[in-house]
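Below is one structure, written out as structure tokens, with a few remarks after it.
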Amino acid sequence: MSRILVLFAHPALEKSRVNRELAAAVRDLPGVTFHDLYEVYPEFDIDVRREQNLLVEHDMIVMQHPFFWYSTPAMLKEWQDLVLEHGWAYGSEGKLLHGKQALSVVTTGGREQAYAPEGLNRFTMRQFLAPLEQTFRLCGVEYLPPFVVHGTLGMIGEEIRSHAADYRRLLEAIREDQVDWETVPQHQRLNWSLDDVLRVEGEGV
Ligand SMILES: Cc1cc2nc3c(=O)[nH]c(=O)nc-3n(C[C@H](O)[C@H](O)[C@H](O)COP(=O)(O)O)c2cc1C
């Protein structure tokens with residue numbers, strides 16, 4: 001069984017529609033530690049040892065957040081800057097994260113077609129997420145194709161609930177190791193091809 005840590009970062013949860021629903025779908029799942037960074041550290045006073053211990057205790061690190069200015073909310077950047085210490089997370093002595101996996105679960109106001117060379121935002125999501133991908137790679141962590149919910153502005157409740165159900169399904173499958181890991185790197189978004197990515201129980205055994 002894979003132990004999953006969800007690092008959740010939304011600075012204004014009271015205004016959230018999409019992340020609130022996604023969070024509600026996974027926060028009580030057995031095997032998932034749901035860690036709301038803005039709730040735990042309202043003054044940004046991140047407890048580095050506590051965060052490092054949490055990382056050690058889990059196999060999969062999920063970063064769930066809205067896309068803010070083509071990046072993460074400030075808390076998640078602060079978390080990286082403080083928690084991923086040299087000699088602990090990277091460097092010749094820093095191997096504590098080796099072999100783990102990381103997944104971004106991101107919501108964007110912009111629509112899918114805006115995240116393309118010919119679109120409004122000119123770059124793809126993978127390109128915008130490259131700093132996170134390389135940060136984790138440097139720490140010996142495999143960075144998976146992201147789970148992205150595009151076009152959140154004006155998204156109707158039914159659609160939000162469907163994305164939330166996909167998110168729950170994915171975390172349950174990761175927990176139970178029912179993921180076809182060999183094909184995962186081929187996908188642009190984990191949630192665009194969930195049925196291909198998730199192995200049906202018993203299949204291939
Ligand atoms: C400060 C700020 C910056 C934002 N930057 C972006 C952005 O760079 N790209 C984008 O597609 N949407 C952007 N948005 C829209 C948010 O991503 C969107 O409101 C959010 O994903 C909705 O999720 P929620 O309902 O959980 O708040 C931004 C919103 C705010 C408030």
Side-chain angles (χ1 to χ4, degrees), residues 4-29 32-46 51 60-82 102-136 143-172 174 187-194 197:
I4 302 170
L5 174 64
V6 177
L7 299 173
F8 179 69
H10 197 306
L13 197 50
E14 69 285 356
K15 293 187 195 156
S16 164
R17 291 177 66 236
V18 184
N19 280 281
R20 175 195 290 274
E21 189 96 21
L22 293 179
V26 302
R27 69 183 314 151
D28 297 328
L29 269 182
V32 171
T33 304
F34 189 86
H35 192 43
D36 184 339
L37 292 171
Y38 278 96
E39 185 183 71
V40 178
Y41 304 117
E43 308 297 331
F44 273 58
D45 49 346
I46 294 176
E51 294 303 309
M60 169 71 70
I61 307 153
V62 176
M63 289 152 292
Q64 186 197 328
H65 60 89
F67 214 36
F68 277 2
W69 291 117
Y70 307 107
S71 184
T72 67
M75 172 68 83
L76 211 39
K77 181 61 167 65
E78 181 79 349
W79 181 95
Q80 293 166 58
D81 295 351
L82 297 183
L103 167 69
S104 288
V105 175
V106 186
T107 65
T108 78
R111 296 187 179 282
E112 178 199 326
Q113 55 270 32
Y115 286 93
E118 64 285 0
L120 178 71
N121 296 319
R122 299 181 48 238
F123 299 96
T124 66
M125 284 303 288
R126 280 313 282 259
Q127 287 171 321
F128 282 121
L129 293 170
L132 266 181
E133 173 167 0
Q134 181 53 25
T135 296
F136 279 103
Y143 185 79
L144 302 173
F147 182 114
V148 185
V149 178
H150 282 300
T152 56
L153 310 173
M155 185 175 270
I156 59 167
E158 196 181 329
E159 250 181 297
I160 298 174
R161 282 191 291 280
S162 159
H163 288 296
D166 283 350
Y167 183 27
R168 184 181 172 92
R169 232 178 113 211
L170 176 63
L171 292 203
E172 282 177 326
I174 289 172
H187 297 286
Q188 276 194 62
R189 308 270 198 279
L190 271 193
N191 52 322
W192 282 356
S193 30
L194 257 196
V197 166

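Counting convention: from 1, in listed order, for ligands and their atoms alike.
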* Have a look at ligand 1 and work out which part of His10, if any, has a heavy atom under 4.0 Å from it: side chain, backbone, both or neither. =>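 Looking at His10 and ligand 1, just side chain atoms fall under 4.0 Å.
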
* Quick one: look at Val18 and ligand 1, take heavy-atom pairs under 4.0 Å, and tell me if it's side chain, backbone, both or neither. =>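 Within the 4.0 Å criterion, Val18 contacts ligand 1 through backbone and side-chain atoms alike.
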
* What's the spacing between Phe34 CZ and Leu171 CG if we round to 0.5 Å? ->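 Reported value, rounded in 0.5 Å steps: 10.0 Å.
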
* To do: Quick one: sort the Phe44 and Tyr38 rings into parallel, tilted or perpendicular, breaks at 30° and 60°.
  =>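 Judged by the thresholds at 30° and 60°, the geometry between Phe44 and Tyr38 is perpendicular.
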
[atom]: nearest protein contact (heavy atom, Å):
atom	value
atom 2 (C) of ligand 1	Phe68 CD1, 3.6 Å
atom 5 (N) of ligand 1	Trp69 N, 2.8 Å
atom 8 (O) of ligand 1	Tyr70 N, 2.8 Å
atom 15 (C) of ligand 1	Gly109 N, 3.8 Å
atom 21 (O) of ligand 1	Thr107 OG1, 2.6 Å
atom 17 (O) of ligand 1	Phe67 O, 2.8 Å

* Is Glu21 salt-bridged to Arg17, cutoff N-O under 4.0 Å? ->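 Arg17 and Glu21: not salt-bridged.
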
* Asked: Would Glu112 and Arg189 pass as an ion pair if we require N to O under 4.0 Å?
  ->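 Answer for the salt bridge query: no.
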
* Those atoms of ligand 1 less than 4.0 Å from some heavy atom in Tyr115 ->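 Here the atoms of ligand 1 in question are 9 (N), 10 (C), 11 (O).
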
* Provide the number and element of each atom of ligand 1 under 4.0 Å from a heavy atom of Thr152. =>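 Matching atoms, with element in brackets: 18 (C), 20 (C), 21 (O), 22 (C).
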
* Asked: So among Leu82, Leu37, Leu5, which one has a side-chain contact (heavy atoms from CB on, under 4.5 Å) with Glu51?
  ->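 The passing option is Leu37.
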
* **Check: His65/Thr72 side-chain N/O donor and acceptor closer than 3.5 Å** =>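 No.
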
* To do: Ignoring hydrogens and angles, state whether a donor on the side chain of Tyr143 or Gln134 is under 3.5 Å from an acceptor on the partner side chain.
  =>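 No, Gln134 and Tyr143 have no side-chain donor paired with an acceptor closer than 3.5 Å.
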
* From Ser71, Ser16, Ala114 - option closest to atom 24 (P) of ligand 1 by heavy atom ->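 Minimum heavy-atom distance to atom 24 (P) of ligand 1 goes to Ser16.
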
* **Phe8 ring center near His35 ring center (under 6.0 Å)** =>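 Between His35 and Phe8, which both carry aromatic rings, the centre distance is not below 6.0 Å.
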
* To do: Please indicate whether any nitrogen or oxygen in Leu153 is less than 3.5 Å from any nitrogen or oxygen in ligand 1.
  =>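 There is no such contact.
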
* If you measure every N/O of Arg20 against every N/O of ligand 1, is any gap under 3.5 Å? ->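 Looking only at distances, the answer is no, because the N/O contact criterion of under 3.5 Å is not met.
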
* Heavy atoms only: give me the nearest Ala23-Gln64 pair and the separation to one decimal. =>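 Smallest heavy-atom distance, with atoms named: N-NE2, 3.8 Å.
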
